[in-house]
Structure formats: C-alpha cells, structure tokens
Amino acid sequence: MFKTNEGTIDRVLRVILGAGLILGYFLNPDGAWSWAYWLGLIPLVTGLVGWCGIYAALGINTCKLKS
C-alpha cells in the first residue's frame with residue numbers, strides 16, 4: 001500500500017523518540033504539558049511502519065535502495 005520511505009537509522013531514532021515521549025507521560029502524568037507526551041505516538045508509529053506522510057508529501061526518502 002505505502003512504499004517505505006524511511007531508512008533504518010531514521011526508523012530507530014523515531015521509535016526511541018516516540019517511546020521516550022510516551023514514557024515521559026508515565027513518569028509525570030500530572031504535569032501541565034502531560035498531553036503533549038502522547039504526541040510520541042506519531043514518531044513511534046511512523047518508525048514501526050516505515051512510512052512517513054510528510055516525507056511522502058515532500059518527496060524525501062531516507063531508505064536506501066536495494067541494488
């Protein structure tokens with residue numbers, strides 16, 4: 001359905017960032033900006049799936065092509 005447009009390093013960094021933001025919510029659930037931690041779902045899901053809508057719209061592809 002969607003062509004992968006994220007490379008391995010990009011995907012790993014997204015998963016780490018997303019998981020870290022979600023973990024931040026559980027460490028500080030009563031903070032004023034605690035809702036913002038749930039934005040970590042976006043990089044987490046795009047990192048796991050390997051496709052980013054913004055990259056697709058801008059024509060960016062960090063995935064190395066197989067020869």
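- For residues 28-40, no residue pair satisfies the salt bridge (Lys or Arg N to Asp or Glu O under 4.0 Å) rule, not counting sequence neighbours.
- Cluster membership check: F26 shares its hydrophobic cluster with L44, using side-chain heavy-atom separations under 4.5 Å among Ile, Leu, Val, Met, Phe, Trp and Tyr.
- Distance check: K3 NZ to N61 CG gives 6.5 Å after rounding to the nearest 0.5 Å.
- Both V45 and F2 are assigned to one and the same hydrophobic cluster, defined by single-linkage of ILVMFWY side chains at heavy-atom distances under 4.5 Å.
- I60 is not listed as a side-chain neighbour of N5, based on a closest heavy-atom distance of 4.5 Å or more.
- Between C52 and E6, the closest side-chain pair of non-hydrogen atoms falls below 4.5 Å.
- In this structure, the side chains of T4 and W51 stay at 4.5 Å or more apart for every pair of heavy atoms.
- Ring geometry for Y25 versus W38: interplanar angle of 30 to 60°, hence tilted.
- Heavy atoms only, all atoms of each residue included: N28 and S34 are closest at O-CB, 3.8 Å.
- Rounded to the nearest 0.5 Å, atoms CG (D10) and OG1 (T46) are 8.0 Å apart.
- Closest approach of P43 to G18, counting heavy atoms only: CG-CA, 3.9 Å.
- Paired with Y37 under the rule side chain to side chain contact (heavy atoms under 4.5 Å, CB included), one option of L27, L21, I22 passes, and it is L21.
- Remark: L58 CG is packed, more than 12 non-hydrogen atoms of other residues, nucleotides or ligands lying under 6.0 Å away.
- By the criterion of side-chain heavy atoms lying less than 4.5 angstrom apart, applied directly or through intervening Ile, Leu, Val, Met, Phe, Trp or Tyr residues, L17 is grouped together with L41 in one hydrophobic cluster.
- Other cluster members for W33: W35, L39, I42, joined by side-chain heavy-atom distances under 4.5 Å among Ile, Leu, Val, Met, Phe, Trp and Tyr.
- Both tests pass for R14 against the ring of Y55: distance under 6.0 Å to the centre and angle within 45° of the axis.
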